[in-house]
Structures are given as structure tokens and as C-alpha cells.
Amino acid sequence: MLADPFVHPAFFYRGGREYTAVTVPFVRAGLTAGEPVAVAVPPANLKLLEHELGAEAARIELIDMTVAGRNPGRIIPAVLRDFADRHRGMRVRIIGEPVWAGRSDSEYPACAQHEALINRAFAGRRATILCPYDADVLTPEMLADAERNHPVLWGRERTAPYAPDEVVARHNRPLPVPDGATRLRFDRSNLSEARHLAAELAVRLGFPETRLHDIRLVIAELGANSLDHGGGGGELRLWTDDDRMVCEVADSGHIVDPLVGRRPVDPRTAGSRGLLIVNLLSDLVRVHTREGLTTIRAYFEVPSGILSA
């Protein structure tokens with residue numbers, strides 16, 4: 001049996017010197033081999049790599065992961081697969097750092113699941129994706145998840161087994177809803193009311209028109225999924241959490257394919273893009289699914305200062 005051409009190592013680093021000691025040679029090896037190279041990391045590490053690479057930095061694609069990957073569910077389709085698919089027929093080399101110290105507790109489970117699902121998304125593809133983890137600031141639990149999610153560890157003895165499916169399942173937890181959430185049961189007769197209710201809250205929170213359109217579209221796509229795959233209806237729940245507006249839809253469906261919403265879809269292909277649109281437009285998406293119940297929660301960052309004013 002031929003070995004899988006996909007390589008997915010985790011790299012635990014302490015400080016900028018260790019970071020560049022691995023990442024800079026990794027990038028240069030790709031350039032020497034004629035491989036397209038992308039670097040999607042937080043801004044501080046992006047600047048560090050740009051400085052160390054000098055003129056060579058112009059030969060790679062540099063991506064601020066805190067922007068492009070703010071929602072971890074967006075990283076596979078809009079960052080990793082986007083880059084790989086633009087270089088079909090070639091082996092690609094990517095540095096992807098989706099977990100950093102500023103990630104919130106609500107974001108981390110989606111990050112861990114994302115890293116686990118890279119293995120499914122790229123199985124059989126000619127790609128190497130190196131994932132750095134800052135061992136000085138990330139928790140032992142986060143580093144243990146990193147070991148479980150990566151079949152290869154860079155210069156480190158394994159202390160946790162390779163078990164990405166276990167990580168996906170462990171973070172597939174029920175999502176508690178606050179008592180004060182606004183709720184609306186919907187079906188085909190009143191889905192427009194659900195969109196209107198979400199838009200009303202977004203207007204009160206000061207979202208600009210472009211984001212109002214995104215929020216309406218997310219509710220429309222989540223509602224359509226409930227109508228088509230969730231028993232013909234569902235419940236919309238709305239509230240604010242810290243500096244975010246939260247839109248949640250629950251229904252009686254069950255998502256059995258963990259890559260739903262993470263595969264790029266040809267716009268000429270009919271259907272099959274509802275959850276992908278939700279991932280692309282939201283600042284964070286969390287999913288809990290089991291037999292007879294799916295809850296999808298989309299977060300939107302409230303315009304600066306509105307909730308704290």
C-alpha cells in the first residue's frame with residue numbers, strides 16, 4: 001500500500017528563536033523544491049517570518065490567521081483548500097497556526113475540531129501542513145489535543161495517542177442556552193419572521209448594512225437546512241454574549257459527515273452549500289449534533305463599543 005502523500009506535523013515551540021529555527025527552513029525547503037508555499041499565522045509570527053525570510057517572503061502567500069481564520073470552521077475551505085486548489089497538480093506546503101493565546105473558551109473547541117478534521121479533508125492529497133503551537137502560553141490540555149490531532153510530532157516524543165476522531169467527539173458537547181434568550185419556533189410558514197427577528201436585534205446592536213445582509217443570509221441558510229434536513233422546522237434562539245451577537249438554530253436532524261460546511265463548493269453546483277455559507281460569513285460557528293438533535297450556533301462580533309457603552 002502506498003503511503004498517504006499528506007503530511008501533517010505539529011510543532012511545539014518556545015519563543016521566536018525556536019519558531020524560526022523550524023519554520024524558516026521549512027519554507028525555504030518548499031521554495032527549493034518548487035512547491036507553492038503559504039503561511040497562515042497570527043500577525044506577530046507573520047512579521048517574524050517576513051523579517052527572517054527577507055526577499056524570499058515575496059515568493060510565498062502570507063495570511064493573517066486572526067482574520068482569515070477567525071472562525072475555525074472557515075480555515076479548511078477558505079484558507080487551506082483555497083490555496084491547495086489554486087495549485088492543482090502540485091505539492092503544496094503550508095504553515096497553519098489556528099490556536100493562539102487570544103482564543104476564547106468558546107472558540108477553542110472549534111479550533112481543536114478543525115485541526116482534527118484537516119486529516120480527513122486532505123487525506124490522499126499532495127500537501128504538507130505544519131501546525132505550530134506556542135508551548136509557553138497554551139494549556140497542557142491544548143497541547144495534548146494537538147498531539148492527538150497530528151500523526152507526526154516535530155522533534156518531540158509523543159505523550160498522547162494519535163486520535164483525531166476522539167477529539168472531534170469530545171468537543172461535540174451540548175451548548176447551554178441562557179435563560180434570557182429570545183426564542184422562535186419556525187417552519188415553512190414563518191421562516192421570514194426568523195430572519196426579521198435576527199435582523200431587528202442586529203440593527204439595535206449597530207451592525208452595518210453589509211453585516212445585516214450576512215446575518216439574514218446565515219439565518220436563511222440555517223433555517224433552510226432545518227426545513228430540508230431537520231424535520232421540517234426548528235427553533236431560533238438569539239442573545240448577546242460578551243461582545244458578540246449569537247444566533248442559534250436547533251432542530252431534529254443529525255449531521256453524520258463532520259466535513260459538512262468545510263468543503264469548497266463549485267458555485268455552479270446546485271445546493272450543498274448552506275453550512276459552508278454559514279462558516280464563511282460568521283465570526284465563529286459551534287455545532288453540537290447527535291441522533292435526533294442538531295444545534296448550530298453562529299457568532300457575530302458586535303461593532304466596537306456598542307455593548308460596553
Side-chain angles (χ1 to χ4, degrees), residues 1-13 22 26 38 40-41 65 69 71-85 91-100 103 105-135 138-175 254-264 275-276 279 284-291 294-296:
M1 180 180 294
L2 296 176
D4 191 335
F6 175 53
V7 182
H8 186 208
F11 162 51
F12 293 11
Y13 68 92
V22 170
F26 177 84
V41 301
M65 186 64 103
N71 172 24
R74 188 190 304 146
I75 298 174
I76 289 175
V79 179
L80 305 180
R81 277 287 306 273
D82 175 71
F83 183 75
D85 291 351
R91 182 174 194 89
V92 298
R93 184 172 292 231
I94 303 170
I95 299 176
E97 189 170 359
V99 186
W100 56 85
R103 285 292 200 185
D105 291 343
S106 57
E107 291 171 341
Y108 175 70
C111 293
Q113 290 181 317
H114 152 73
E115 281 281 67
L117 293 171
I118 290 176
N119 301 292
R120 288 176 180 254
F122 276 82
R125 297 178 70 97
R126 298 173 61 204
T128 303
I129 301 177
L130 173 68
C131 299
Y133 285 81
D134 189 341
L138 300 180
T139 67
E141 292 78 11
M142 292 175 177
L143 299 180
D145 273 351
E147 290 196 21
R148 294 184 181 96
N149 281 336
H150 293 80
V152 178
L153 302 181
W154 195 294
R156 179 185 177 92
E157 292 295 324
R158 184 176 291 280
T159 61
Y162 174 59
D165 290 346
E166 184 271 332
V167 174
V168 172
R170 179 160 39 85
H171 289 291
N172 179 32
R173 301 168 181 166
L175 303 171
H254 182 206
I255 298 175
V256 295
D257 178 2
L259 285 177
V260 166
R262 299 175 192 261
R263 296 185 183 92
L275 192 50
L276 174 62
N279 271 325
L284 173 65
V285 175
R286 294 285 305 279
V287 177
H288 170 62
T289 187
R290 60 172 173 78
E291 187 68 38
T294 288
T295 303
I296 301 177

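Hydrogens, waters and symmetry mates are skipped; everything else that's a heavy atom, side chains included, is used. Because the structure is predicted, anything quoted here is derived from the model rather than measured.
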Take Leu276 and Arg263, measure what side chain to side chain contact (heavy atoms under 4.5 Å, CB included) needs, and give me the verdict at the end.
CA-CA 7 Å; Leu276 174 62; Arg263 296 185 183 92; over 6 Å; no
Sequence neighbours left out, what pairs pass salt bridge (Lys or Arg N to Asp or Glu O under 4.0 Å) with at least one residue falling in residues 110-122?
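Checked against salt bridge (Lys or Arg N to Asp or Glu O under 4.0 Å) - neighbours excluded - the pairs reaching residues 110-122 are Arg120-Asp165.
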Listing request: all salt bridge (Lys or Arg N to Asp or Glu O under 4.0 Å) pairs with a residue in residues 123-134, at least two apart in sequence or in separate chains.
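For residues 123-134: Asp85-Arg125.
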Looking at side-chain heavy atoms only, is the closest gap between [X] and [Y] below 4.5 Å?
{"X": "Arg74", "Y": "Val79", "answer": "no"}
{"X": "Gln113", "Y": "Pro72", "answer": "no"}
{"X": "Arg156", "Y": "Phe11", "answer": "no"}

Closest non-hydrogen atom pair, [X] against [Y]:
{"X": "Tyr13", "Y": "Pro132", "answer": "CE2-CB, 3.7 Å"}
{"X": "Asp4", "Y": "Gly124", "answer": "OD1-N, 3.0 Å"}
{"X": "Pro109", "Y": "Ser106", "answer": "CD-O, 3.7 Å"}
{"X": "Gly69", "Y": "Ile75", "answer": "CA-CG1, 3.6 Å"}
{"X": "Gly73", "Y": "Arg262", "answer": "CA-NH1, 3.6 Å"}
{"X": "Gly261", "Y": "Pro77", "answer": "O-CG, 4.3 Å"}

Atom [atom1] of [X] and atom [atom2] of [Y]: how far apart are they, to the nearest 0.5 Å?
{"X": "His150", "Y": "Tyr162", "atom1": "NE2", "atom2": "OH", "answer": "9.0 Å"}
{"X": "Phe26", "Y": "Leu130", "atom1": "CZ", "atom2": "CG", "answer": "5.0 Å"}
{"X": "Ile255", "Y": "Arg290", "atom1": "CD1", "atom2": "CZ", "answer": "13.0 Å"}
{"X": "Asp145", "Y": "Tyr108", "atom1": "CG", "atom2": "OH", "answer": "3.5 Å"}
{"X": "Leu80", "Y": "Ile118", "atom1": "CG", "atom2": "CD1", "answer": "5.0 Å"}
{"X": "Ile94", "Y": "Ile129", "atom1": "CD1", "atom2": "CD1", "answer": "4.5 Å"}

Out of Ile296, Leu175, Thr295, which residue meets the side chain to side chain contact (heavy atoms under 4.5 Å, CB included) rule with Arg286?
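Result: among Ile296, Leu175, Thr295, Leu175 is the only option passing the side chain to side chain contact (heavy atoms under 4.5 Å, CB included) with Arg286.
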Pair Asn71-Asn279, side-chain donor/acceptor within less than 3.5 Å
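A donor-acceptor contact under 3.5 Å links the two side chains.
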Give me the one residue out of Thr128, Asn149, Asn119 that meets side chain to side chain donor-acceptor pair (under 3.5 Å) with His8.
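Of the listed options, the one satisfying the test is Asn119.
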So, the side chain of Arg91 versus the backbone of Ala127: is there a donor-acceptor pair under 3.5 Å, distance only?
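Yes; judged by distance alone, with no hydrogens or angles, the pair exists.
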Can you tell me if Glu147 uses its side chain to pair, donor with acceptor, with the backbone of Thr159 under 3.5 Å?
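Yes: the side chain of Glu147 pairs with the backbone of Thr159.
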